[in-house]
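Below is one structure; the comments refer to it alone.
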Amino acid sequence: MSIRADFPILQRSSRGRPLVYLDNAATSQKPAVVIDAVNNYYQTCNANVHRAAHELAEQATEAMENARIAVRNFVNATREEEIVFTRGTTEAINLLANVLSDRIKSGQDIVITELEHHSNIVPWQMLAQRTGAQIKVIAIDDYGNIDLDDAANKLTPNTAILAFTHVSNGLGSITPAAQLIAQAQAVNALTIVDGAQAALHLPLDVQALGCDFYVFSGHKLYAPTGIGVLYGRYDLLCELPPWQGGGEMIEHVSFEQSTYQLPPYRFEAGTPNIADAIGLGAALSYLQTIPRAQLVSAEDRLVTNALSELRQIPGVRIVGEPEQRSAVISFLLEQGHPNDVGTLLDQQGVAVRAGHHCNMPLMQRLGVPGTVRASFSLYNNDEDVTRLLEAVEKASTFL
Ligand code: PLP
């Protein structure tokens, strides 16, 4: 209960009933401490960072750089210079797909998986088109697990990059990240992990994982929208060219040529999203007050209960039965299109997502038009599960 009280929006109703928010994989709600941190920044020390010589600027810079340190600690990076602020996962992947251009030779492979979100597919297709590289896709089985034999076949000395999701936003599958990274390293491929869905739900340690890059969005872990993270190994970041040019990322500029800052500033051209970086720092501090094991086991219990009850409802088909699942349940009602089911749940105050979830190729692979997705977070409770089940039962009688 105390956790729910930390999130003011959970007090509101939706369609005349208490809100049941089960669209956390799309974005999480924000605790008051995060909203207050952003407010406080604007009310007390709004200024541009890193350049002005006055007290406000000093305080704003310190607050933003403290957020970078909070992220470093959260992912267990070796130094804060390994943390680049971006707008989110999508921007972080696009940044990488641009700055890695020079490392990709025509004919080399960029390997992804069938589980990927569009933002971990399209930037690589664009890079492949520019460079003459080709995309290879590691298969999943019908349950939504990565096929490790296929991974072994697809990862060869011709692989330049392996980019894959840590947790599938469509099915909730937890991928065998450490194993995939080890396989990629064995063939000298760069490894990029899309942690958009994992960062909140799984313990995160980039050093233990051994990946080269790890990316995630703040808004899925209680922070504001418009702020995200690219973690990169420092030696690698130092070797990479800038992406966007402008203020902040330079060391010296003349009309003839410019030299660039060291990471992370080399990759942060222009005025950064100061307020929301501070909000991200506040979200990570908030998360630290809740033991990770407690968070994961509370979510797992809800998901396990919801799954077994949903299976009892006539006409419900669970889509994806991965061996390891995190916080997401995708399902269909035999009687109706997922969008109609989504609308019927919404009418009962239950917010879920319906559609392809930016996973069109995955939906195609599974032979479904889309799914209804209920995704859970720390503040969901048994009452939310009961309301979901009631709403699905009622929807099934309407269709
Ligand atoms: N990757 C995964 C697995 C996601 O779930 C999402 C968002 O749903 C993204 C990438 C893109 O994140 P953003 O829209 O915050 O950039």
Side-chain angles (χ1 to χ4, degrees), residues 21-30 34 71 84-98 112-126 137-138 140 144 146 161-177 180 191-202 204 209 211 213-231 243 267 273 276-277 279-280 283 299 319-320 322 324-330 351-363 365 370-377:
Y21 187 76
L22 291 172
D23 194 17
N24 294 287
T27 199
S28 66
Q29 299 303 344
K30 318 303 173 202
V34 168
V71 176
V84 178
F85 285 124
T86 66
R87 278 197 301 126
T89 306
T90 304
E91 188 175 78
I93 296 172
N94 277 279
L95 189 162
L96 287 173
N98 278 274
I112 58 176
T113 83
E114 284 185 326
L115 291 174
E116 301 316 312
H117 187 280
H118 296 164
S119 60
N120 202 26
I121 301 174
V122 183
W124 302 118
Q125 286 173 335
M126 291 160 71
V137 185
I138 297 172
I140 53 166
I146 296 281
I161 293 173
L162 166 67
F164 70 95
T165 193
H166 202 173
V167 167
S168 157
N169 61 300
L171 307 180
S173 324
I174 301 175
T175 60
L180 287 169
T191 51
I192 297 163
V193 185
D194 172 353
Q197 294 299 333
L200 178 61
H201 303 285
L202 302 183
L204 197 47
L209 269 181
C211 55
F213 303 100
Y214 195 99
V215 299
F216 61 94
S217 302
H219 69 94
K220 294 186 197 280
L221 42 72
Y222 310 144
T225 51
I227 189 75
V229 169
L230 160 64
Y231 153 82
W243 174 29
F267 304 103
N273 185 350
D276 296 322
L280 173 59
E299 283 174 357
V319 180
Q324 283 194 290
R325 180 195 294 272
S326 167
V328 168
I329 300 175
S330 256
V352 294
R353 183 76 163 244
H356 55 66
H357 318 300
C358 296
N359 277 148
M360 278 190 195
L362 174 62
M363 297 297 132
R365 158 68 180 83
T371 70
V372 184
R373 182 184 70 184
S375 51
F376 295 78
S377 201

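As the structure lists them, so they are numbered: ligands from 1, and atoms in each ligand from 1.
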How long is the span from the [atom1] atom in [X] to the [atom2] atom in [Y], to the nearest 0.5 Å?
X	Y	atom1	atom2	value
F376	S28	CZ	OG	15.5 Å
H117	M360	NE2	CE	11.0 Å
I146	T175	CD1	OG1	6.0 Å
I93	D194	CD1	CG	4.5 Å

* **Best match, G226, S119, S168, S217: closest heavy atom to atom 15 (O) of ligand 1** =>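 It is S217 whose heavy atom sits nearest to atom 15 (O) of ligand 1.
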* T89, portion touching ligand 1 at heavy-atom distance under 4.0 Å ->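 The part of T89 near ligand 1 is both the backbone and the side chain.
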* Report the part of E116 (side chain from C-beta onward, or backbone N, CA, C, O) that has a heavy atom under 4.0 Å from ligand 1; answer both or neither where that applies. =>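 The answer is neither.
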Please list the nearest protein heavy atom to [atom] with its residue and the distance rounded to 0.1 Å.
atom	result
atom 14 (O) of ligand 1	T90 OG1, 3.6 Å
atom 4 (C) of ligand 1	H117 CD2, 3.4 Å
atom 5 (O) of ligand 1	Q197 NE2, 2.7 Å
atom 3 (C) of ligand 1	D194 OD2, 3.5 Å

* Asked: With Y222, which residues qualify under ring pair (Phe, Tyr, Trp, His ring centres under 6.0 Å), at least two apart?
  ->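 Once residues adjacent in sequence are excluded, the partners of Y222 under the ring pair (Phe, Tyr, Trp, His ring centres under 6.0 Å) criterion are F7, Y379.
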* Quick one: which ligand 1 atoms are inside 4.0 Å of a heavy atom on H219? -> 15 (O)
* Which atoms from ligand 1 have a heavy atom of T165 less than 4.0 Å away? -> 3 (C)
* Asked: Hey, is CZ on R87 packed in by over 12 heavy atoms from elsewhere, all under 6.0 Å?
  -> no
Min heavy-atom dist [X] to ligand 1 below 4.0 Å:
X	answer
N120	no
H357	no
K220	yes

* Measure the acute angle between the ring planes of H166 and Y214, then classify it against the limits of 30° and 60° as parallel, tilted or perpendicular. =>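 Rings of H166 and Y214: perpendicular, over 60°.
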* Kindly write out the residues that satisfy salt bridge (charged side-chain N to carboxylate O under 4.0 Å, His left out) with R353, not counting sequence neighbours, or none if the list is empty. =>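 If we apply the salt bridge (charged side-chain N to carboxylate O under 4.0 Å, His left out) test to R353, skipping adjacent residues, there are no hits.
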